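Because the structure is a prediction, the values reported are computed rather than measured.
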Amino acid sequence: MNTGLKITTFAVALAATFGTAYGVGQGIDPVVADGPPRHEDEHPGPSPESAEPGRGHAGHDTPPAGGLQISEGGYTLDLKTPRVTAGQRSDLRFTVRDAAGRALTAYQREHDKELHLIVASRDLVTYRHLHPTRAADGTWSTPVDLPRAGGYRVFADFTPAAKGAGNLTLGADLAASGPYRPQDLPAPSAEATTDGYEVELAGGLNPGRASELKLKVSRDGRPVTDLQPYLGAYGHLVALRSGDLAYLHVHPNGEPGDGSARPGPDISFTATAPSAGSYRLFLDFKHEGQVHTAAFTVRAGQAAPATGTPQGHADDGHGH
């Protein structure tokens with residue numbers, strides 16, 4: 001807005017949940033596997049673990065990736081719903097706890113919300129950007145319907161209201177039971193389509209160095225110039241690293257009413273990749289009262305392809 005906690009009892013329960021649905025010889029990692037991508041072409045440089053903490057491969061200071069730890073800064077994500085059934089609507093519940101184990105009930109509002117919840121499948125094909133509601137006792141809840149079985153990662157992006165507290169992104173594993181069929185990460189492309197809109201990506205991610213990502217929204221071949229504010233900006237961008245699903249902090253360049261940001265067709269962001277590798281970008285934008293999501297695959301250190309087959313919209317379920 002760090003490697004997830006591997007709990008043995010959860011792994012046992014997870015194995016019991018999926019049973020033979022995964023099958024023998026599928027060649028997939030367990031849900032709790034947080035290692036980097038295994039394909040050599042996705043890691044032209046050293047692995048994230050071999051890099052000096054807090055620094056990219058170019059030797060520059062790099063914002064730490066979020067979402068790899070279940071606890072950070074004295075706060076812990078307590079996911080009360082670690083398992084759901086694929087294809088069925090479920091109530092996802094969780095609590096953020098402080099160092100004393102008390103439920104956190106005071107948050108700073110950022111991008112119009114106290115907390116942003118992201119749910120993504122480990123193959124980065126399914127994506128949900130949800131806005132749960134908080135009960136008086138600090139328990140958050142939101143309905144979720146995950147279409148496919150497999151491993152998912154839940155990200156809670158928030159800032160405690162305590163004086164001097166910084167933004168945190170905590171992550172926890174979520175399992176969706178049912179027959180599982182892994183999918184490959186979509187190939188890199190500079191074009192995506194979603195709900196009749198075309199989105200073009202210019203720029204790319206660079207390890208250890210901030211860079212601009214510019215996305216242009218069109219419909220029926222015409223630039224969209226009347227985007228509506230969504231979460232305090234004309235677009236919201238989430239970036240996740242393939243393999244361990246490290247969560248990148250991406251910042252919009254400008255906001256509605258600042259005199260410089262325009263309501264389309266271009267939306268600009270600045271981001272820094274913590275390492276080389278493949279990343280999945282999810283752009284949420286709002287037009288004519290509806291939120292849409294476009295998804296792209298990019299490789300850090302390489303600019304987006306000039307041409308390519310449109311990747312299509314993310315399986316976002318419009319859970320906004």
Considering only heavy atoms from C-beta outward, does the side chain of [X] approach that of [Y] to under 4.5 Å?
X	Y	answer
His116	His111	yes
Val125	Arg280	no
His287	Tyr197	yes
Val84	Leu146	yes
Val238	Leu281	no
Leu115	Asp157	no
Phe158	Asn167	no
Thr193	Val199	no

Indicate yes or no for a side-chain donor-acceptor contact from [X] to the backbone of [Y] under 3.5 Å, with no hydrogens or angles considered.
X	Y	value
Ser121	Thr126	yes
Ser189	Glu191	yes
Thr85	Ser177	no
Arg153	Asp244	no
Ser278	Ser242	no
Arg134	Thr105	yes
Asn206	Arg209	no
Gln228	Gly289	yes

Would you confirm whether the ring centroid of Tyr107 sits within less than 6.0 angstrom of the ring centroid of Trp140?
->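 Centroid distance Trp140-Tyr107: below 6.0 Å, so yes.
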
What's the separation between atom [atom1] in [X] and atom [atom2] in [Y], rounded to the nearest 0.5 Å?
X	Y	atom1	atom2	value
Tyr75	Leu104	OH	CG	5.5 Å
Leu237	Leu215	CG	CG	6.5 Å
Thr194	Leu283	OG1	CG	9.5 Å
Tyr230	Ile267	OH	CD1	12.0 Å
Thr95	Leu79	OG1	CG	9.5 Å
Gln183	Arg181	CD	CZ	10.0 Å

Should the ring pair His292 and Phe285 be called parallel, tilted or perpendicular, given that the plane angle runs from 0 to 90° and is split at 30 and 60?
->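 Aromatic pair His292/Phe285 classed tilted.
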
Measure up the His236 and His129 rings against each other and bin them: parallel (under 30°), tilted (30 to 60°), perpendicular (over 60°).
->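 It falls in the tilted class, 30° to 60°.
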
Just do the side-chain contact (heavy atoms from CB on, under 4.5 Å) check on Ile118 and Phe282 with the steps written out, would you?
-> CA-CA 11 Å; Ile118 302 296; Phe282 299 94; over 6 Å; no

Using a cut-off of 6.0 Å, state whether more than 12 heavy atoms not belonging to Asp258 lie near its atom CG.
->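 Buried by this count: over 12 neighbours within 6.0 Å.
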
Tell me, yes or no, whether the heavy-atom count around Lys80 atom NZ, taken from other residues, nucleotides or ligands under 6.0 Å, exceeds 12.
->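 Buried by this count: over 12 neighbours within 6.0 Å.
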
Where [X] and [Y] come nearest, the two heavy atoms and their spacing:
X	Y	result
Leu245	Ala120	CD2-O, 3.9 Å
Thr76	Ser71	OG1-OG, 2.7 Å
Gly178	Ala149	O-CB, 3.1 Å
Arg93	Ser141	CG-CB, 4.0 Å
Ala176	Tyr152	CB-CE1, 3.6 Å
Pro265	Thr225	CD-CG2, 3.9 Å

List the steps and the verdict of side chain to side chain donor-acceptor pair (under 3.5 Å) for Asn253 and Ser268.
-> CA-CA 5 Å; Asn253 297 325; Ser268 176; 2.6 Å; yes

Report the C-alpha separation of Arg122 and Asp173 in whole Å, then their side-chain angles, then the decisive distance to 0.1 Å, and conclude whether the salt bridge (charged side-chain N to carboxylate O under 4.0 Å, His left out) test is met.
-> CA-CA 10 Å; Arg122 285 198 167 269; Asp173 285 322; 2.7 Å; yes

Of the options Gln108, Glu110, Glu114, which is the one that meets Thr159 in a side chain to side chain donor-acceptor pair (under 3.5 Å)?
->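 Among the candidates, only Glu110 passes.
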
Show your reasoning for whether side-chain contact (heavy atoms from CB on, under 4.5 Å) applies to Leu174 and Phe94.
-> CA-CA 12 Å; Leu174 173 68; Phe94 65 94; over 6 Å; no

CA sep, side-chain torsions, deciding dist, call: Glu198, Arg219, salt bridge (charged side-chain N to carboxylate O under 4.0 Å, His left out) = CA-CA 6 Å; Glu198 305 89 37; Arg219 185 168 65 172; over 6 Å; no

Hey, are Asp112 and Arg109 close enough for a salt bridge, meaning a charged N less than 4.0 Å from a carboxylate O?
->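 Judged by the 4.0 Å cut-off on N to carboxylate O distance, Asp112 and Arg109 do not form a salt bridge.
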
With a 4.0 Å cut-off, would you call Arg89 and Asp145 a salt bridge?
->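 Salt bridge between Arg89 and Asp145, a charged N being under 4.0 Å from a carboxylate O: no.
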
Are Asp123 and Asp184 close enough, and set up right, to give a side-chain contact (heavy atoms from CB on, under 4.5 Å), and what steps lead you there?
-> CA-CA 7 Å; Asp123 59 13; Asp184 294 332; over 6 Å; no

Applying the side chain to side chain contact (heavy atoms under 4.5 Å, CB included) test to Tyr279, which of Leu240, Leu248, Thr297 qualifies?
->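 Output: one option passes, namely Leu248.
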
Leu170 and Ile70: CA distance, side-chain angles, deciding distance, side-chain contact (heavy atoms from CB on, under 4.5 Å) verdict | CA-CA 5 Å; Leu170 303 181; Ile70 200 169; 5.9 Å; no

